[in-house]
2 protein chains.
Amino acid sequence: MREERRGELLATAAEVFAARGYNATTVRQIADAAGILAGSLYYHFDSKESMVDEILSAFLDELGAGYDAVLAAGLGPRETVEALVTESFREIDRHRAAVAIYQKEARHLAARHPRFGYLTDARRRFARAWLGTLERGVAGGAFRADLDIRLTYRFVRDTVWVAASWYRPGAQHSPEEIARQYLSVVLDGIALRD
Amino acid sequence: MREERRGELLATAAEVFAARGYNATTVRQIADAAGILAGSLYYHFDSKESMVDEILSAFLDELGAGYDAVLAAGLGPRETVEALVTESFREIDRHRAAVAIYQKEARHLAARHPRFGYLTDARRRFARAWLGTLERGVAGGAFRADLDIRLTYRFVRDTVWVAASWYRPGAQHSPEEIARQYLSVVLDGIALRD
DNA sequence: TAACCTACCAAACACTTGTTAGGGAAGGAG
DNA sequence: CTCCTTCCCTAACAAGTGTTTGGTAGGTTA
């Protein structure tokens, strides 16, 4: 099965990219990890660039669908935040390597080649989802009104995605448990209430 | 003055490293940004590696001194957290490029060459400072007792340092203002209290 | 003036990079 | 058996990499 082999190679490529960085990774390292020679990769893929492209767009498609499902559920602002965070940590659990690559390389890739313009589009799309939810929460009295919405969004976004750099699937905390702890901090703070 | 020129070159190298990533940056790009030729850099520095080394160790030395000063002040846990966060954002303001490089490359560099072992040491040292403060706060009743300390530490750490990737000095928010907003979220949460 | 130091250039070096071309082994389909 | 597809290998390519070597213009010191 042709597609199956491609998928395997993409998975190992993603691991190497995530571990060493896209530019620092050579096609020979990917081939080594897959147990084949460098040139053989070009039977399956056009270029090294095509590999990251497939890895990232597959991840972003799935994340986009997840976010859309959450937004379409018609929840209140607080519940929407909870659902978005939980969905995000689930995506990290399933696409850890892709998230790490996106986190580190998205900016460079999007800036260099127009081919990766969809990375910027996705970022803007997710920003709208988050900012809209936060604004709705402030307007409706669910969230504090004295917060800088954009700063808060950046804090929330960064903390969620950076988790991909230390998260190891199947170790100690489940995605749902991490989401619960994280939401506890963001929603209620670490200070003890009187 | 010999040292002065070195400092200039290190500053431009840091900017290029931060913008394009260490591995993706060529010595010719650094030389271009400095207005000289690639080979001329080797009059001032042994290697490309030495440049990141100097950039990162200079930053970490200063950050370490700042953290030590905070810890030596004998503040309570909550005030220590506030001081650590404020100090961190001030360091981002002063060493934006170095922080970005540290954030992206520290793991790879430390894993590859023993020369960069001090990066791991610094990470452990900062972790102890944060974890100790959080534990002290929980024990003393300043912070909630139902939090996973290690998870909380990771959230706090990541959010602070990732700010280096979007922070631009002199634009809109001062380091102190960002620290204030951030502390407001972390300490008290974004949810409105009844 | 002569010797010297600083900061750079010009040109090349050995090596690594992504990529290509041609070929061949294995296995299923006719 | 023959044909065809899948998957990989061998071997090379041109371009780009970090680095070295020898030289030189200009200022400072003796």
Side-chain angles (χ1 to χ4, degrees), chain A residues 1-57 97 101 104-105 108-116, chain B residues 1-57 97 101 104-105 108-116:
Chain A
M1 198 64 102
R2 192 170 175 134
E3 277 305 313
E4 196 173 337
R5 184 55 175 149
R6 274 178 65 91
E8 286 176 21
L9 292 175
L10 277 180
T12 71
E15 290 301 325
V16 184
F17 283 148
R20 315 177 76 108
Y22 172 71
N23 279 287
T25 298
T26 72
V27 293
R28 279 166 241 266
Q29 289 168 345
I30 300 175
D32 278 359
I36 61 178
L37 291 189
S40 306
L41 286 172
Y42 288 81
Y43 169 73
H44 299 277
F45 308 99
D46 297 347
S47 63
K48 182 185 170 188
E49 233 181 49
S50 301
M51 298 189 213
V52 233
D53 196 334
E54 281 199 46
I55 292 167
L56 290 178
S57 53
I101 298 169
K104 278 185 202 160
E105 322 280 358
H108 307 140
L109 292 175
R112 206 112 42 184
H113 283 296
R115 165 180 202 166
F116 291 101
Chain B
M1 196 65 103
R2 192 166 173 137
E3 278 304 314
E4 195 173 337
R5 184 55 175 148
R6 274 177 64 91
E8 287 176 19
L9 292 174
L10 277 180
T12 72
E15 291 301 326
V16 184
F17 283 148
R20 314 177 76 106
Y22 171 70
N23 280 287
T25 299
T26 73
V27 293
R28 278 166 243 266
Q29 287 167 345
I30 300 175
D32 278 0
I36 62 178
L37 290 190
S40 307
L41 286 172
Y42 289 81
Y43 169 74
H44 299 277
F45 307 99
D46 296 348
S47 63
K48 182 184 170 189
E49 232 181 49
S50 301
M51 298 188 212
V52 231
D53 196 334
E54 281 199 47
I55 292 168
L56 290 178
S57 53
I101 298 169
K104 277 186 202 158
E105 322 281 358
H108 308 140
L109 292 175
R112 206 112 43 185
H113 283 295
R115 164 180 202 167
F116 292 101

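All figures in this text were calculated on a predicted structure; none of them were measured in a lab.
If you measure from atom CD of A/Glu8 to atom C1' of D/dC8, you get 14 Å, rounded to the nearest angstrom. Atom CG of A/Leu41 and atom P of C/dT20 are 12 Å apart (whole Å). Atom CD of B/Glu4 and atom P of C/dC8 are 12 Å apart (whole Å). Rounded to a whole Å, the CG atom of B/Asp32 is 12 Å from the P atom of D/dG18. Rounded to whole Å, the distance from CD1 on B/Ile36 to C1' on D/dA25 is 16 Å. For the pair A/Phe17 CZ and C/dG18 C1', the computed distance is 11 Å after rounding to whole Å. Straight-line distance from the CG atom of B/Asn23 to the P atom of C/dT17: 10 Å, rounded to whole Å. The distance from atom CG of A/Leu9 to atom P of D/dC7 is 10 Å, rounded to the nearest whole Å.
Taking only side-chain nitrogens and oxygens, B/His44 never comes nearer than 4.0 Å to OP1 or OP2 of C/dT6. For C/dT20, neither phosphate oxygen OP1 nor OP2 lies less than 4.0 angstrom from any side-chain nitrogen or oxygen of A/Tyr42. OP1 or OP2 of D/dC8 has at least one side-chain nitrogen or oxygen of A/Arg5 nearer than 4.0 Å. The side chain of B/Tyr43 contributes no N or O atom lying less than 4.0 Å from OP1 or OP2 of C/dC8.
Taking each heavy atom of A/Ala31 and A/Leu37 in turn, the nearest pair found is CB-C, 3.5 Å.
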Might you list the N or O atoms of the protein lying below 3.5 Å from N or O atoms in nucleotides 10-13 of chain C, with each pair's distance?
none

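The closest side-chain heavy-atom distance from A/Leu9 to A/Arg6 is not below 4.5 Å. For the pair B/Phe45/B/Glu54, a side-chain contact is recorded, criterion being any heavy-atom separation below 4.5 Å from C-beta on. With contacts defined as side-chain heavy-atom distances shorter than 4.5 Å, the pair A/Leu109/A/Leu56 qualifies. Considering only heavy atoms from C-beta on, B/Tyr22 stays 4.5 Å or farther from B/Lys104 through its side chain. The side-chain heavy atoms of A/Phe17 and A/Met51, taken from C-beta on, include a pair separated by under 4.5 Å.
Legend: residues meeting salt bridge (Lys or Arg N to Asp or Glu O under 4.0 Å) with B/Glu105, ordered by chain and number and at least two apart, are absent.
Summary of the strand contacts: B/Ala38 and A/Gln29 both lie near DNA chain C, and taking for each the nucleotide with the nearest heavy atom, the more 5' one is attributed to B/Ala38.
At a non-hydrogen distance threshold of 4.0 Å, B/Ser47, B/Lys48 from residues 45-55 of chain B come into contact with DNA chain D.
In terms of modelled atom types and a separation under 3.5 Å, the side chain of B/Ser40 and the main chain of B/Ile36 share no donor-acceptor contact.
Stacking of B/Lys48 on the aromatic ring of B/Tyr42 is not recorded, the 6.0 Å distance cut-off and the 45° axial limit not both being met.
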